[in-house]
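Have a look at the structure below, then the notes.
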Amino acid sequence: MTRGEAHEHIRDQEAELAAAAEAGRDGAYRAYATFLGESGRMDQALPWWAKAAEHGDADAARTLAICHKDRWEFAEAERWYRSAADRDGGCAFGLATLLKESGDQDGAQEWYARGAALGHVQCLTNGAVLKAARHGAFAEAQAQLDEAAELGDRKAASARQVIENIVDDLELWEERLARAEADGDAEAAFEALSPLRDPEYAGMFTYYPSTIRAAEVLYARAAAVGSHQALVEQALLVARDSDRIEEARALAVRAHELGYSGAAYVLGVWAFERGDQRTAEHWFETAAAAPDGHDYARFYLGLIGIVQRRLDEAERWLRLTDDAEDENAQDGGLPKMFVEQLEEIAAIRADPARLPDPELAARLPDLRTAAESGGVEECFAYADALDRLYRLPDAADWYRKTGTPRALLKLGRMLQDCHADETLLVPYFGPAAEAGDAGAAYSIAGIHTHAKNERAAGIWTLKAAELGHVRAAWGVGWASEERGGDPQFAERWYVRSAEGGLARPAFLAGRSMVRWGRYAEAERWLVKAWENDIPEAAYHLGRALRRLGRTSEAEQWLRRAVERSGDFDPPRGPLGRRVDARPELAELLVEAERDEEAAPLVADILAEYPGPLAGHRLAGRLARQRGDLATAEQHFAQIEERDSDPGTRMRLREIRELLAQVTHEH
């Protein structure tokens, strides 16, 4: 079967499926939607999936929900899951998971339970884990997981083992603590809980938040015995809930007042993470001045001095450390992280552009006078000047006083540069993003990406892309392609990014268009990619032009691709292979009956890839053109059982008939 015949067959198949769907025949909506989706036309498939779902097809509803979720269209995803969740366990599971990811834990719990009642074993497993994670209902969860494991869910058994280990550990720590309480030994009480501070248990707190409450109680008991350090550990657990930060701060202050110097350091870190450098500096100085002076407090004081360009103070704090036992110690015993900051101080001193501008400093009094008597623009100008002069705490005050989306955005970016905890800065970026600032929206997406919150990152990346951020548009396309199944959505965003001037998305858009047979559209983007030194574009451009019948141009591009193949993108994934332009060029030459030019290429392909079909297919065609029927038969016979192309069997049958004639004649 020739390529043209194959295309004609596909067109006929599509016409039949479309006619059946238009007529509303049983199962036709799903069949046509599936065909369109497999052809890379999800936009066209969605209305037919919707028709199937509206006629009671729960699998179609689930497919729609997944597609919309992959496009970050969560309201639509939820709508389609709900349309069948009360009768289909798969939709109930999808809905519960969607609600869980959105923070609606009660809704997730309800739908896992309803899905389990419908016989969906994964709902049974996930519902059990959620009960243990939220409420500490370990016994109930274990019984449910036993049931799920008996029904064949492998994950249920491993989840049950995790919960069993948690229960055993909590009981063991409680027993050790009880002995220390009986002895009235504060140090032993704190030590009894030492495993809770092991990084190994960080995941326990993340995935089973109910254990945080259990650990809080244990530390509170240790603190009651007299362990001030336990009070701080309790505060750290409380602080994991952002709504309880004041409660956590009060516990740490109490520990400080009781004489534990480490509490001042923790209070300093919390203030630093929130961008409150004044408060942070106070607590770090308190920790550093303690009899057992805190080296990390001195490090933070050095960091604050650097970002505020109080370089002499910063250097003094960084050189005060007495931790000479650090395995990475350098420069007379200083730890590596301290040395790196001292090097940063030297670099700043050597670069006038990184130091406060004296002319701007001279204008500061007039800017302040204008700000005190003027409006938001004057306030913003004063805040901006303070920011550029590295008077950061004062700049923060005036940005907040200004209060406009622009001012809050500047404050958020300033605090980012000051190493504040990004997850606490979203409120500073939000007003500007909501007002249409694409860069602010993209910053929020980046914050959520770093925090591994995929849902929020996707929502904000899409918002930034819709607002015109070209890198966000690239990210939307890339994420969609990585998830697979929706090439139109990905390609649409690649094109928008390419229209904004980026070359890599232009390449990705062109490659996608070639993959789905839109060769004329692809040319523009692949030329752009080639002109921006993406060599692999030559290969896809050669393929496109060849299928457009522009054989001479196609050959030129394919030869360029062969020449630059060493510069192509490396293969993705362990099973990936680097794109090879030689088979495409060899096929072009074979079709043009330029056998002498094709032969070395075909020989190289066979030598490097003796197993794949393409080499034998080409070698068989080449031998057939040269009249070497025996060699042609040998190559086609090797791939006959593996090759889905009907043309291979047709050629093999023809060759064997010719060979039989030759044998008969002799």
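A 4.5 Å side-chain heavy-atom check between Glu233 and Leu193 finds every atom pair outside the cut-off. Residues Val232 and Leu251 fail the side-chain proximity criterion, which asks for heavy atoms closer than 4.5 Å. The side-chain heavy atoms of His469 and Arg496, taken from C-beta on, include no pair separated by under 4.5 Å. Proximity of Val269 to Glu273: side-chain heavy atoms (C-beta onward) are separated by under 4.5 Å at one or more points. Side-chain contact between Arg363 and Leu360: present, with at least one pair of heavy atoms (C-beta onward) separated by less than 4.5 Å. Contact annotation: the side chain of Asp106 approaches that of Asp104 to within less than 4.5 Å [non-hydrogen atoms, C-beta and beyond]. With a 4.5 Å cut-off on side-chain heavy atoms, Leu98 and Arg455 count as touching. Side-chain atoms of Leu318 and Ile345, non-hydrogen and from C-beta on, do get closer than 4.5 Å to each other.
A salt bridge is absent between Arg406 and Asp384: the closest approach of a Lys/Arg side-chain nitrogen to an acidic carboxylate oxygen does not fall below 4.0 angstrom. In this structure, Glu101 pairs ionically with Lys69, as a charged nitrogen and a carboxylate oxygen lie closer than 4.0 Å. Salt bridge present: Glu344 and Arg354 bring a charged side-chain N and a carboxylate O closer than 4.0 Å. Salt bridge present: Arg221 and Glu174 bring a charged side-chain N and a carboxylate O closer than 4.0 Å. Of the charged side-chain nitrogens involved, at least one lies within less than 4.0 Å of a carboxylate oxygen, so that Asp533 and Arg564 count as a salt-bridged pair. Classification of Glu181 and Arg176 as a salt-bridged pair fails, no side-chain N sitting under 4.0 Å from a carboxylate O. Taking the charged nitrogens against the carboxylate oxygens, Asp295 and Arg298 do have a contact shorter than 4.0 Å, which makes a salt bridge. One finds no salt bridge joining Glu343 and Lys336 here, because no Lys/Arg side-chain nitrogen approaches an Asp/Glu carboxylate oxygen to under 4.0 Å. No salt bridge links Arg511 with Asp569; every basic N to acidic carboxylate O contact stays at or beyond 4.0 Å.
Between Tyr201 and Trp173, a ring centre-to-centre spacing shorter than 6.0 Å is recorded.
Note that Arg319 lies outside the cation-pi zone of Phe338, set by a 6.0 Å cut-off to the ring centre and a 45° limit from the axis. Figure legend: Arg368 and Tyr382 shown without cation-pi pairing, the cationic atom not lying both under 6.0 angstrom from the six-membered ring centre and within 45 degrees of its axis.
Ring geometry for Tyr265 against Tyr296 counts as tilted: the plane angle lies between 30° and 60°, on a 0 to 90° scale.
Counting only distance, with no hydrogens or angles, the side chain of Ser227 and the backbone of Ala223 share no donor-acceptor pair below 3.5 Å. Put simply, the side chain of Thr211 gets close to the backbone of Tyr208: a donor and an acceptor are under 3.5 Å apart. For the pair Ser210 (side chain) and Ala132 (backbone), a donor-acceptor distance under 3.5 Å is present. No donor-acceptor distance shorter than 3.5 angstrom exists from the side chain of Ser497 to the backbone of Ala473, with no hydrogens or angles considered. Ser194 places no side-chain N or O within 3.5 Å of a backbone atom of Phe190 that could act as its donor or acceptor partner. Counting only distance, with no hydrogens or angles, the side chain of Asp185 and the backbone of Glu187 share a donor-acceptor pair below 3.5 Å.
Of all heavy-atom pairs between Trp317 and Ala288, the closest is CZ3-CB, 3.8 Å. Shortest non-hydrogen contact noted between Ala252 and Trp270 is CB-CZ3, 4.0 Å. Across Trp493 and Ala465, no two heavy atoms sit closer than the pair CZ3-CB, 3.5 Å. Arg578 and Gly566 get closest at one heavy-atom pair: NH1-O, 3.9 Å. The shortest heavy-atom contact between Gly475 and Thr461 is C-CG2, 4.4 Å. Of all heavy-atom pairs spanning Leu467 and Ala433, the tightest one is CD1-O, 4.0 Å.
Note: Phe507 CZ to Lys528 NZ = 14.5 Å, rounded to the nearest 0.5 Å. Atom CG of Asp397 and atom CG of Leu386 lie 9.0 Å apart (nearest 0.5 Å). Within the model, atoms CZ of Phe299 and CD of Gln341 stand 4.5 Å from one another, a figure rounded to the nearest 0.5 Å. Between the CZ atom of Arg240 and the CD atom of Glu216 there is a distance of 10.5 Å, given to the nearest 0.5 Å. The distance from atom CD of Glu372 to atom SG of Cys379, rounded to the nearest 0.5 Å, is 9.0 Å. Note that CD of Glu247 is 11.0 Å distant from CG of Asp243, once rounded to the nearest 0.5 Å.
Every residue two or more places apart in sequence or in another chain that forms a ring-ring contact (aromatic ring centres under 6.0 Å, His included) with Trp530 is listed here: Trp557.
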Could you walk me through whether Asn532 and Arg504 satisfy the side-chain contact (heavy atoms from CB on, under 4.5 Å) test, starting with their C-alpha distance in whole Å, then the side-chain angles of each, then the deciding distance to 0.1 Å, before giving a yes or no?
CA-CA 9 Å; Asn532 284 272; Arg504 176 58 58 172; over 6 Å; no
Residue pair Val307, Gln277: steps toward the side-chain contact (heavy atoms from CB on, under 4.5 Å) verdict
CA-CA 10 Å; Val307 297; Gln277 293 189 3; 3.7 Å; yes
Full working for side-chain contact (heavy atoms from CB on, under 4.5 Å) between Gln161 and Ile166:
CA-CA 9 Å; Gln161 186 61 57; Ile166 289 172; over 6 Å; no
Test side-chain contact (heavy atoms from CB on, under 4.5 Å) on Leu508 and Trp525; report intermediate values, then the result.
CA-CA 9 Å; Leu508 296 170; Trp525 301 116; over 6 Å; no
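Arg254 CZ: 12 or fewer foreign heavy atoms inside a 6.0 Å radius. Applying the 6.0 Å contact sphere to CZ of Arg471 captures no more than 12 heavy atoms from other residues, nucleotides or ligands. The environment of CD in Glu499 is crowded: more than 12 heavy-atom neighbours from other residues, nucleotides or ligands sit within 6.0 Å.
Looking only at atom types and distance, the side chain of Thr423 has a donor-acceptor partner in the side chain of Asp421 under 3.5 Å away.
Residue pairs meeting the side-chain hydrogen bond (donor to acceptor under 3.5 Å, both in side chains) criterion with at least one member in residues 428-454, sequence neighbours excluded, are Arg400-Tyr428, Arg413-Ser443, Glu422-His450.
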